[in-house]
Every structure is written in structure tokens, then in C-alpha cells.
Amino acid sequence: MASLITTSERSNLTSIFTDIFDTFKRTITVHKEPKKVITTINESAIFGYSDSSNIVNYSYESVSSTFDATVRYIEAGRDDKFAQDLNSYIEGTLVRIKVQEATRNYIEDGPTEKITFDDRCFKVVGNDTVKKFLDSTFYVYYLKEA
């Protein structure tokens, strides 16, 4: 099937679309569920015969990473067609972020506790939506302030 645009035009348009993302991107931090790190094994806790059996021998290590995303604050159900299509009413303001594949893979890999930017914490609402334009692919998430 014939295409309306040439291969070089397609490449140029994809590059321009990626440049738009790069121009308006901001840094977000994705926080995953913390890891429990056991420091020592308290053998007396096994038998429970001494006061030292209740010593905390573990700590939590935070797991987070920073990524680039475009951020858009929207009012639920008014500014965005996807928000209108949600089958449930979402109170307040939603945030729409558009991310690249590496960010999507990190968000989807295990539980995501929160996403932070603008000195605020947000939780993911629903699943991602794939947005394609020629040869570029982005993923859209909707967030609600936590």
C-alpha cells in the first residue's frame, strides 16, 4: 500500500515529535515499594528466651528512580476525552503524564507507591494508554494527588 509521506518525511516528523517531548519534559521521581534489608539474624528471637529477642534486625531501603515526562494538570471530566470516558467519577484535579518506554517499564515492574514532582505526591489512577505517532511511541498515565 502506498504511503502519503516519504520515508525521510516520516523520519523528520518523528524527530520533530520527539523534540516536542524533549522541549517540554520535566523530571519526575517514581517511588517503588521499599526493600526490606535484614542486617543480622537474631538467634535468640528464634527461641524467645531473652529480652533481646525483640531487637529490630532489619531496615527498609527506599527504591526510586528519576525519569523524564511531560506533565499536564487537568480538571477531571472536562479537559480530557480519556477522563470523560472513565466509568467512575474522579473528584478533583487529575494530572496527565506522558512517558517513554523505559519509564513505563519501571512503573509497571512491581508496585509503584507514588510519583513525585512539583513538591507533591501522586498515585497512578488506572492503566497506561499507548499513544503512537508514526515511529514514536509514548505512554500516558493519569495521576491523582495522594
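Index from 1, following the sequence. Keep in mind the model is a prediction, meaning the values are calculated, not measured.
Between the side chains of H31 and T116, at least one donor-acceptor pair of N or O atoms lies under 3.5 Å.
Note that the NZ atom of K144 and the SG atom of C121 stand 14.5 Å from one another [nearest 0.5 Å]. For the atom pair CD1 of I97 and CZ of R72, the computed distance is 13.5 Å after rounding to the nearest 0.5 Å. Here the OG atom belonging to S11 is positioned 10.0 Å from the CD1 atom belonging to I5, to the nearest 0.5 angstrom. To the nearest 0.5 Å, the span separating OG1 on T103 from OH on Y139 amounts to 10.5 Å. Note that OG of S15 and CG of L134 are 11.5 Å apart. Values are rounded to the nearest 0.5 Å. With values rounded to the nearest 0.5 angstrom, T29 atom OG1 is found 9.5 Å from I115 atom CD1.
Counting heavy atoms from C-beta on, the side chains of L94 and L143 never come closer than 4.5 Å.
Counting only residues at least two apart or in different chains, salt bridge (charged side-chain N to carboxylate O under 4.0 Å, His left out) contacts with residues 120-140 comprise R10-D135, R104-D128, R120-E145. Applying the salt bridge (charged side-chain N to carboxylate O under 4.0 Å, His left out) test to residues at least two apart or on different chains, the pairs with a partner in residues 18-27 are D22-K25, K25-D68, R26-D118.
Taking hydrophobic clusters as Ile, Leu, Val, Met, Phe, Trp and Tyr residues chained together by side-chain heavy-atom distances below 4.5 Å, Y73 shares a cluster with Y141. At a threshold of 4.5 Å between side-chain heavy atoms, the hydrophobic network of Ile, Leu, Val, Met, Phe, Trp and Tyr places V140 and F138 in two separate groups. Taking hydrophobic clusters as Ile, Leu, Val, Met, Phe, Trp and Tyr residues chained together by side-chain heavy-atom distances below 4.5 Å, F133 does not share a cluster with V130. I28 and V63 fall within a single hydrophobic cluster, where Ile, Leu, Val, Met, Phe, Trp and Tyr side chains are chained together by heavy-atom contacts under 4.5 Å. Cluster membership check: V95 does not share its hydrophobic cluster with F24, using side-chain heavy-atom separations under 4.5 Å among Ile, Leu, Val, Met, Phe, Trp and Tyr.
Closest of all the heavy-atom pairs between S62 and P34 is CA-CB, 4.4 Å. Heavy-atom minimum distance, F21 versus K98: CE1-O, 3.3 Å.
Although no hydrogens or angles enter the test, the distance criterion places a donor-acceptor pair under 3.5 Å between the side chain of K32 and the main chain of I107. Remark: side-chain polar atoms of T18 are paired, donor with acceptor, to backbone N or O of T14 under 3.5 angstrom. Counting only distance, with no hydrogens or angles, the side chain of E108 and the backbone of N105 share no donor-acceptor pair below 3.5 Å.
Between F67 and Y106, the ring planes lie tilted relative to each other; the angle falls in the 30° to 60° range.
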Subject >> Full working for side chain to side chain contact (heavy atoms under 4.5 Å, CB included) between F117 and V71 >> reply: CA-CA 9 Å; F117 51 89; V71 176; 3.5 Å; yes

**OP:** Would you check, one step at a time, whether the test side chain to side chain contact (heavy atoms under 4.5 Å, CB included) holds for S65 with V30?
**Re:** CA-CA 6 Å; S65 190; V30 180; 5.7 Å; no

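Around atom CD of E101, no more than 12 heavy atoms belonging to other residues, nucleotides or ligands sit under 6.0 Å away.
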